[in-house]
S.K.: 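Just passing along the structure, written as structure tokens.
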Amino acid sequence: MAQITVKDKQFKPYIGNDAILRSVKVVAEQINNELKDEFPLFLVVLNGSFMFAADLLKEVHIPCEISFIKVASYHGTSSTGTVTELVGLSEEIKGRNVIIVEDIVDTGVTLEKLHSSLTKKEAKSIRIATLLLKPDSYKKSIKVDYAGIEIPNDFVVGYGLDYDGQGRNLKDIYVLA
Ligand code: IMP
């Protein structure tokens with residue numbers, strides 16, 4: 001993999017697709033083992049999680065439902081700390097075992113907001129599955145149940161993650177050079 005340019009920035013290869021898929025399988029296996037009797041509702045947080053969700057859910061073999069929601073909290077390369085409302089949630093949450101599917105957990109601001117919305121809607125349980133976790137940046141107390149890969153506090157792009165709207169289609173993950 002070579003260095004690439006996304007908009008005005010240079011990114012270098014960081015996590016290849018094979019390594020990503022290995023981590024995705026590990027997460028799926030944990031979910032298959034732990035939630036087989038819980039008929040979970042996966043809530044995929046768009047846009048960033050679309051690739052992770054597609055690969056993850058192909059490896060999830062338990063009865064489940066899948067839905068897609070949107071929040072927005074990020075502009076450019078640093079978190080703004082502002083999160084807009086939850087968009088697109090049409091399923092009844094009350095009494096459901098929900099798994100939030102995230103591309104990345106950074107400060108956890110987005111996650112906290114989602115978690116509190118779902119708590120208000122009386123979810124029976126709320127779990128978090130994220131492909132990437134930045135432990136040095138994560139300040140919240142909500143448990144991240146399933147984290148594929150822990151990374152340092154660097155800005156990454158690819159496999160669904162964008163830099164200013166671009167780079168989501170990259171099959172591998174790159175880090176700011
Ligand atoms: P948090 O609210 O700070 O945890 O940020 C969560 C959201 O910020 C993620 O769902 C991503 O959309 C975005 N984000 C955080 N870190 C990165 C990154 O390194 N690259 C691209 N997007 C990121």
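Whatever order the structure lists them in is the order used to number ligands and atoms, beginning at 1.
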S.K.: Can you figure out which of Thr130, Thr110, Ile104 has its heavy atom closest to atom 2 (O) of ligand 1?
M.R.: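 It is Thr110 that holds the nearest heavy atom.
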S.K.: Among all residues two or more places apart in sequence or in another chain, which pass the side chain to side chain contact (heavy atoms under 4.5 Å, CB included) test with Lys139?
M.R.: none
S.K.: Which donor-acceptor pairs under 3.5 Å do the side chains of residues 169-177 make with protein atoms, sequence neighbours left out?
M.R.:
{"residue": "Asp172", "atom": "OD1", "partner": "Asn17", "partner atom": "N", "Å": "2.7"}

S.K.: Using a 4.5 Å cut-off on heavy atoms from C-beta on, say whether the side chain of Ile93 contacts that of Val98.
M.R.: yes
S.K.: Indicate yes or no: does an N/O atom of Val105 lie under 3.5 Å from an N/O atom of ligand 1?
M.R.: no
S.K.: Please work out whether any backbone atom (N, CA, C, O) or any side-chain heavy atom from C-beta onward of Asp154 is under 4.0 Å from ligand 1, and answer side chain, backbone, both or neither.
M.R.: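 The part of Asp154 near ligand 1 is the backbone, not the side chain.
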S.K.: List every atom of ligand 1 that sits less than 4.0 Å from any heavy atom of Gly108, numbering the atoms from 1 in the order shown and giving each element.
M.R.: 1 (P), 3 (O), 4 (O)
S.K.: Is a salt bridge present between Glu65 and Arg96, judged by a nitrogen-to-oxygen distance below 4.0 Å?
M.R.: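 Yes, this pair counts.
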S.K.: State if Lys134 counts as touching ligand 1 under the rule of any non-hydrogen atom under 4.0 Å.
M.R.: yes
S.K.: Same hydrophobic cluster for Ile128 and Leu131, using side-chain heavy-atom links shorter than 4.5 Å among ILVMFWY?
M.R.: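 They do not share one cluster, since no chain of ILVMFWY contacts under 4.5 Å joins Ile128 to Leu131.
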S.K.: Among the heavy atoms of Asp103, does any lie under 4.0 Å from an atom of ligand 1?
M.R.: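 Asp103 counts as a contact of ligand 1 under the 4.0 Å cut-off.
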S.K.: Report the relative orientation of the aromatic rings in Tyr163 and Phe155; use parallel for angles under 30°, tilted for 30 to 60°, perpendicular for over 60°.
M.R.: perpendicular
S.K.: Heavy-atom distances under 4.0 Å are what count here, so tell me which part of Asp162 touches ligand 1: side chain, backbone, both or neither.
M.R.: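 Under 4.0 Å from ligand 1, Asp162 contributes backbone atoms alone.
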S.K.: Return yes or no for this condition: an N or O of Leu161 is under 3.5 Å from an N or O of ligand 1.
M.R.: no
S.K.: Can you list the atoms of ligand 1 that are under 4.0 Å from a heavy atom of Glu102?
M.R.: 10 (O)
S.K.: Mark yes or no for whether Asn33, through its side chain, and Ala28, through its backbone, hold a donor-acceptor pair below 3.5 Å.
M.R.: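 Checked: no pair found.
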